[in-house]
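Working notes for the structure below.
We use all heavy atoms of the structure for the numbers below, so side chains are in, but hydrogens, waters and symmetry mates are not. Worth saying up front: this structure is predicted, and the values here are computed from it rather than measured.
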Amino acid sequence: MAIDLTRRHFVSGVAGLTTASMLSKAAFAAGPIDIGFLMPLTGGSGKLGNMMMAGASLAIDEINSAGGVEGRQLRLLPEDSQGLARNGIDGYRKLVDVDGARVLVTGWTAVVVGVAPLAERDGVYLLSASTASPAVRGISPNFQSTWMYADDSAKQILPYARNVLKASKLGILTIVSDLGTGISKAVHKDWTEAGGKVIVEETHQIDETNFRAVMLKMIAAGPEAIYITTSTGKQAAQIVRQARELGYQGYFISFGAFEDPEVLSIGEKATKCFFSTPAFDAATSDVNARAFVESFKAKNGAPPNVHQANHYDLIRLYAEIARAIAKGGDKISADNFRAAFKAKFPTYEGVGGNYAFNFNDGSVRRSEFVKTVANGRFVKVADLT
Amino acid sequence: MTSYGLLANLIVDGFVSGCIYAMLAIGFSLTWWVSNVVHLAHGGVLVAAGLVLYLFVGIFGVPLPIGIAAALIAAGVLGFGTDRLIYQPLKERRTDEMGMLTASLGALIIIEYSLVIAFGLDGATLDAGAMRTPLAPSVVLVLDPFAIAVVVSTGLVFAALTGFMHFTVYGKRIQAVAQNPDLAGVLGIDIVGVARQTTLIAAFLVVPAASFMLYNTGVRPIEALHIVLVAAIVAIIGGRGSIIGALVAGIVVGVAESATVWYLAAGWRLLITFLILYAVLLYRPHGLFGRV
């Protein structure tokens with residue numbers, strides 16, 4: 001079949017295409033800005049992932065009710081990774097290929113390791129407020145963490161354990177994972193350099209629930225403090241509870257992941273546990289942080305924790321960067337996002353304290369607290385600088 | 001604590017863990033022996049019993065005996081239901097062993113996922129409180145009222161089961177069906193009924209193990225397959241259907257796993273279990289107390 005293409009047909013066709021394209025651009029400009037939220041929403045880490053989403057959602061609500069980003073509303077697109085690489089990659093494909101998100105909030109080492117190469121190839125920028133493993137340090141120029149890597153965080157608590165808790169003999173209980181071994185190496189090195197002695201090191205599997213035998217072995221060595229490297233609150237609670245049942249009276253020290261409601265569920269046994277965590281305190285007197293706490297309580301019926309503060313800050317930071325891009329008349333892409341982030345926000349002050357970003361390796365330095373458990377709550381006991 | 005003091009503690013702790021292994025294995029072993037079914041759903045029944053106990057004691061706050069009664073009912077319903085709805089219809093259709101195994105795995109998955117929906121993935125743990133206070137911390141750190149309760153309960157369960165099997169007509173029928181089902185049928189024994197009774201007994205037998213696990217390491221739905229794997233290993237080592245075999249094998253595995261920590265990193269514990277299994281299969285393929 002031959003098509004008789006006249007000049008009139010051609011001109012009207014081009015005009016139609018141009019109009020359609022302009023309408024589409026206008027529609028795009030007025031539409032919401034999508035932020036992918038690729039996090040565990042079910043599975044072993046689902047509770048924590050949902051908890052984090054509550055912080056992110058509050059920031060979205062507040063930004064949108066204040067007029068959005070240059071008139072555009074923010075929209076959070078949750079995808080469940082279960083903290084697993086395969087599910088993470090599936091969720092990434094959906095967010096990027098189907099929904100067209102160019103910036104994703106993600107977390108958990110396996111997921112970040114799985115999607116970072118894809119993000120670099122596809123021109124997608126990854127932000128994380130929940131990846132503590134030093135294994136992702138420098139993984140991609142398209143990845144930036146707002147949560148301190150555990151080896152950095154571990155270094156923060158050690159001087160406190162040496163100088164304030166007066167511990168000298170340390171035991172290290174390492175979870176068999178990249179996170180665990182990374183922390184363990186950093187703790188061993190820094191503790192020894194600080195004049196302490198690592199007298200016992202043991203490992204446990206990622207899904208272990210019975211720690212009695214391994215704790216017996218560690219207790220027999222007589223450590224004054226035991227550093228636990230698990231990033232699961234339930235496992236941390238099991239370790240502490242079973243060690244206390246065996247009569248261990250010494251300190252437990254750990255990092256931010258320790259701040260999990262599961263730890264509080266073991267009651268008095270959780271005393272003498274100390275951990276470093278980003279500088280967020282729900283009892284703060286800081287005006288901005290206080291406003292966040294009150295808004296969060298009004299929406300969720302309970303005060304926020306550090307993970308919720310981190311994700312609140314992350315979305316706020318995202319909105320600021322997106323605003324800077326929009327003011328420059330550009331659209332959001334990984335390159336624009338990275339450039340605006342570097343230029344405008346090498347540091348950031350949020351409700352979770354001060355952030356100083358290292359764009360060379362995707363890490364961050366944050367002001368931190370030492371917290372402990374007292375009266376069934378996580379309580380700040382010292383500032384770390 | 002001296003090195004040998006540590007070893008003594010590890011052995012005592014392993015003995016207690018071994019008692020729990022024995023209790024979770026004996027029901028699996030009996031079902032395997034009598035019904036010729038590799039009852040993988042056994043792990044799901046155990047987790048369900050533990051979570052029902054948690055629901056009643058931990059959430060509703062009822063006294064422990066009432067919680068245990070609820071767990072027994074839940075385990076019985078699940079065990080009986082699995083037999084009635086899955087195993088028996090397939091047996092009537094002369095499904096082969098692989099088909100039964102697959103069906104059992106399917107039953108396990110159904111139970112596991114139902115528990116995840118009902119209770120969540122995190123599972124549950126209850127605090128044993130003062131039961132976990134060491135009785136003589138300067139001598140044996142791990143000896144506490146909880147450990148004694150585990151050992152005493154195991155002794156009672158195994159003694160009662162032995163008595164039931166050898167001194168009651170129901171027990172003798174079970175033995176008859178297990179040893180020669182054709183002859184038992186000719187003698188007028190209701191083979192289907194005996195298989196059903198055995199599945200029910202096996203279901204009830206998970207409750208002590210589930211209870212102690214709940215107060216010790218906790219129970220999680222996703223552990224169901226791991227639990228039945230331990231049960232299967234203990235049952236194979238002990239010998240199919242052997243009560244004393246399950247007890248001895250459970251304790252051997254528990255002690256060996258725990259004692260391994262004395263000279264190896266804790267991560268190697270499972271290795272010793274499989275080494276024992278391999279050695280038994282090599283030299284006593286029917287298990288330590290199994291009958292050829």
Seminar exercise, completed: Max heavy-atom pairs within cutoff under 4.5 Å with chain A, candidates B:D144, B:T260, B:T2, B:N9, goes to B:N9

Seminar exercise, completed: The interface call for A:E201 against chain B, heavy-atom contacts under 4.5 Å, is neither

Seminar exercise, completed: Okay, A:K217 and chain B: the region with an atom under 4.5 Å from a heavy atom over there is both

Exercise. Can you say whether A:V176 sits under 4.5 Å from chain B via the side chain, the backbone, both, or neither, judging by heavy atoms?
Worked result: neither

Problem set entry | Crowding at OH, B:Y113 (>12 non-hydrogen neighbours, <6.0 Å) | no

Exercise. Within residues 11-18 of chain B, which positions have a heavy-atom distance to chain A below 4.5 Å?
Worked result: B:D13, B:S17

For this session: Pull out the residues in residues 245-257 of chain B that come under 4.5 Å of chain A, heavy atom to heavy atom, sorted by number.
Result: none

Problem set entry | Sub-4.5 Å side-chain heavy-atom contact between A:R241 and B:T125 | yes

For residues 145-158 of chain B, dump all side-chain donor-acceptor pairs below 3.5 Å to protein atoms at least two apart in sequence or in another chain.
{"unit_1": "B:S153", "atom_1": "OG", "unit_2": "B:A149", "atom_2": "O", "d": "2.6"}
{"unit_1": "B:T154", "atom_1": "OG1", "unit_2": "B:V150", "atom_2": "O", "d": "2.6"}

Exercise. Is it the backbone or the side chain of A:R212 that comes under 4.5 Å from a heavy atom of chain B, or both, or neither?
Worked result: both

Exercise. What are the residues of residues 205-221 of chain B, in order of number, with any heavy atom under 4.5 angstrom from a heavy atom of chain A?
Worked result: B:Y215, B:N216, B:T217, B:G218, B:R220

Exercise. Side chains of A:K269 and B:D127: closer than 4.5 Å at any heavy-atom pair?
Worked result: yes

Seminar exercise, completed: Taking every heavy atom of B:L6 against every heavy atom of A:A220, the minimum-distance pair comes out as CD1-CB, 4.0 Å

Exercise. Which answer fits B:L264, side chain, backbone, both or neither, if we ask what part of it has an atom under 4.5 Å from a heavy atom of chain A?
Worked result: backbone

Exercise. With a 4.5 angstrom heavy-atom cut-off, which part of A:Q205 approaches chain B: side chain, backbone, both or neither?
Worked result: side chain

Exercise. For A:K169, does the NZ atom sit with more than 12 other heavy atoms under 6.0 Å from it, leaving out its own atoms?
Worked result: no

Problem set entry | Exceeds 12 heavy-atom contacts within 6.0 angstrom, atom NZ of A:K197 | no

